[in-house]
Amino acid sequence: MEPRYRAPRGTFDFIYPESEKVEALLAAASEILATRGYRRISTPMLESTELFRRGIGEATDIVTKEMYTFEDQGGESLSLRPEATAPVIRAYLERSLFAQGLPQKLFYAGPMFRRERPQAGRFRQFHQLGAEVIGTRDTFIDAEIISISDVLFKRLGLEAYELVVNSVGCGECRPSYVRMLSGFLEGISQALCEECRRRSRENPMRVFDCKNERCREALEAAPAIGEQLCPECRVHFQEVVDHLETLGVAFRVDPKLVRGLDYYTNTAFEFKFEGLSAQNTVSAGGRYDGLAEQLGGPETPGVGFSLGIERLLLALEAQGLDPFTPPRLSVFVAGAPGVERSSVLDILVALREAGVSADADFMDRGLKSQMKQADRLGARLVLIVGKDELERGEITIRDLDRSSQVEVSLAGMVPAIREMLEAGSEDV
RNA sequence: GUGGACGUAGCUCAGUUGGUCAGAGCGCCGGGUUGUGGCCCCGGAGGUCGGGGGUUCGAGUCCCCUCGUUCACCCCA
């Protein structure tokens, strides 16, 4: 019974009901974003490899070992997108969106690809929903971007999550901070784990992600980026914090919060959930004022977030929430013995044309089985197309909720059904 | 990339110290008299016990390899 073909490792099919929950989540998010002036953008799943190398950073794990990269038949190096911010900025520059007026507020949703080892909340093809505001450094926008996830979570009824914010500085203050941190790390290197020593050399700020108890203690006294900002960045961050308070978003400042991708500047944030296993960051993002320039465009500020759909689904499930209830089938049309199949289909089509949700048997089942099927589908009514009634120009409508049935004329069928559906079903 | 756990019917799982061990529940299909659901009863379909090799008279049950799943590290949404 081993299927001959299976979905590639780390990928999966979204089947119902998850597929429908995803639709519901996207609908809720789209509504929130649209009412804040965001417009939808859809970029290719494939981009030139160079875009990501430049945009995300040559030294990042994503670029060095997680991209699905290949050369196409024309010899061009392409990669499946591991994230969408660089592609969105590329599109902004390529399509001259700045000429449409600034700022540009864009949102996207779709699959991303990273060749990591799968685990809870982490897949090789996963789906992100995100937004970017390009063209302004206004601190209210930083707060707005952050608040969108919060609004969505609240609307979905989610609890037990925490928003952590920080500033990672700018091109001026970060380098000097990193030097200071490196110096500090050198001094305590013997107290650090193997991993942290490696980080100390390659990406010093990442030591703060270490979960090792000894390292954490040793790092207590380490200088934090949030405390070493230049005056300008300090003001910027303070304004963001103030706006968050105005927006009523609860948060905690963590001076040691850092970001994985190279392009971040100033504002950085993460939404973490309790009870979600190791991958508990559901939404994260920040400001990236240097990215557009990095990609060969003019100096252009930007800020955005991205949210992991699968992780959001896990959070909803962990909290017993369901964003989607499938609509109930109104009518199941069942044919009794001796009835022409065409009569059943004619009625089915007539109902659908009248706007009534309806389905019928396509497995050549007997009446009893059709009744069971109707029940299993959760249909409210069953239209029993019987030989005798049909000869009288009538049809039987059985109400599965009330366990009652009536006969009506074919001409009065649709109105009768409408009436019964509108009357609802009292508890029986 | 590293480490641990696990892989028996569609699903959730039982399967003793290797010898009726190929099972249960749920689901699915059919039936319980002639045209009717949900409960109940009866019956049925469905499994190379992930795959390969080995040990043995004999292996889901032991060993090796392999594939897959899963959890953690790494990293990140």
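Labels below follow one simple rule: chain letters A, B, ... track the order of the sequence lines, proteins then strands, and each chain is numbered from 1.
- Protein atom CG of A:L313 is 13 Å distant from nucleotide atom C1' of B:A77, rounded to whole Å.
- When the P atom is used for both B:C40 and B:A59, the distance is 42 Å, rounded to whole Å.
- Note on A:F123: a base of the nucleic acid sits closer than 4.0 angstrom, heavy atoms only.
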Practice task
Under the salt bridge (Lys or Arg N to Asp or Glu O under 4.0 Å) rule, what do A:R328 and A:D401 come out as? Steps first, then yes or no, please.
Solution key: CA-CA 12 Å; A:R328 192 174 178 188; A:D401 287 3; 2.8 Å; yes
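- Using Watson-Crick or G-U wobble geometry with both donor-acceptor distances under 3.5 Å, B:G38 finds no partner in any strand shown.
- Note: CG (A:L314) to C1' (B:U70) measures 13 Å, nearest angstrom.
- Nucleotides B:G68 and B:G58, compared at atom P, are 32 Å apart to the nearest Å.
- A donor-acceptor contact closer than 3.5 angstrom is absent between the side chains of A:Y161 and A:N280.
- For the C1' atoms, the distance from B:C6 to B:G51 is 16 Å, rounded to whole Å.
- Look at B:G53: its glycosidic torsion is beyond 90° from 0, and that puts it in the anti range.
- Remark: B:G25 base-pairs with B:C11. Criterion, Watson-Crick or G-U wobble with two distances under 3.5 Å.
- With hydrogens and angles ignored, a donor-acceptor pair under 3.5 angstrom links the side chain of A:R398 to the base of B:G37.
- Straight-line distance between the P atoms of B:U8 and B:G35: roughly 44 Å, to the nearest whole Å.
- Taking atom CZ of A:R9 as the reference point, atom C1' of B:G68 lies 7 Å away to the nearest angstrom.
- Pairing for B:G58 is absent, with no Watson-Crick or G-U wobble pair whose two atom distances lie under 3.5 Å.
- Using a 30° and 60° split on the angle between ring planes, A:F14 and A:H127 fall in the tilted class, from 30° to 60°.
- What separates CE of A:M371 from C1' of B:G38 is a distance of 10 Å, to the nearest Å.
- Atom CZ in A:R124 sits about 11 Å away from atom C1' in B:G1, given to the nearest Å.
- Remark: the A:D375 side chain and the B:G38 base include no donor-acceptor N/O pair separated by less than 3.5 Å.
- Taking atom C1' on both nucleotides, B:C65 is separated from B:U55 by 15 Å, rounded to a whole Å.
- Below the 3.5 angstrom threshold, one finds no donor paired with an acceptor across the side chain of A:S369 and the base of B:G37.
- Going from the P atom of B:A45 to that of B:G25 covers 15 Å, rounded to whole Å.
- Using a 4.0 Å cut-off between charged side-chain N and carboxylate O, A:E116 and A:R122 make a salt bridge.
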Handout entry: Working for salt bridge (Lys or Arg N to Asp or Glu O under 4.0 Å), residues A:K154 and A:E159
Key = CA-CA 7 Å; A:K154 287 205 169 88; A:E159 303 172 347; over 6 Å; no
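- Ionic pairing of A:D359 and A:R352 is present here: one or more N-O contacts between side-chain nitrogen and carboxylate oxygen are shorter than 4.0 angstrom.
- Nucleotides of RNA chain B nearest to A:R115 and A:K368 differ in position, and the one nearer the 5' end is that of A:R115.
- Among the nucleotides B:G35, B:A77, B:G37, the one closest to any side-chain atom of A:D388 is B:G35.
- In this structure a side-chain-to-backbone donor-acceptor pair under 3.5 Å is present from A:R36 to A:I32.
- For the OP1/OP2 pair of B:G37 and a distance below 4.0 Å, the side-chain nitrogens and oxygens of A:R365 include no atom meeting the criterion.
- Between A:V282 and A:M363, the one whose closest nucleotide on RNA chain B sits nearer the 5' end is A:M363.
- Per the geometry, NZ belonging to A:K372 stands 8 Å off P belonging to B:G30, to the nearest Å.
- Between the side chains of A:E389 and A:T396, at least one donor-acceptor pair of N or O atoms lies under 3.5 Å.
- One cannot find a donor-acceptor pair under 3.5 Å joining the base of B:U36 and the side-chain atoms of A:Q370.
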Practice task
Classify every nucleotide of nucleotides 71-76 of chain B by which part a protein heavy atom approaches to under 4.0 Å, writing B for the base, S for the sugar-phosphate alone and - for neither, in 5'-to-3' order.
Solution key: SBBBBB
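- Pair check for B:C73 finds B:G1; Watson-Crick or G-U wobble, both atom distances under 3.5 Å.
- For the pair A:I145 CD1 and B:A77 P, the interatomic distance rounds to 15 Å; values are reported in whole Å.
- When the P atom is compared between B:A14 and B:C28, the two are found 24 Å apart, to the nearest whole Å.
- Comparing B:C26 with B:U69, their P atoms are spaced 31 Å from each other, to the whole Å.
- Electrostatic pairing of A:D289 and A:R287 counts as a salt bridge here, judged by a charged N lying under 4.0 Å from a carboxylate O.
- Atom P of nucleotide B:G10 and atom OH of A:Y16 are separated by 16 Å, given to the nearest angstrom.
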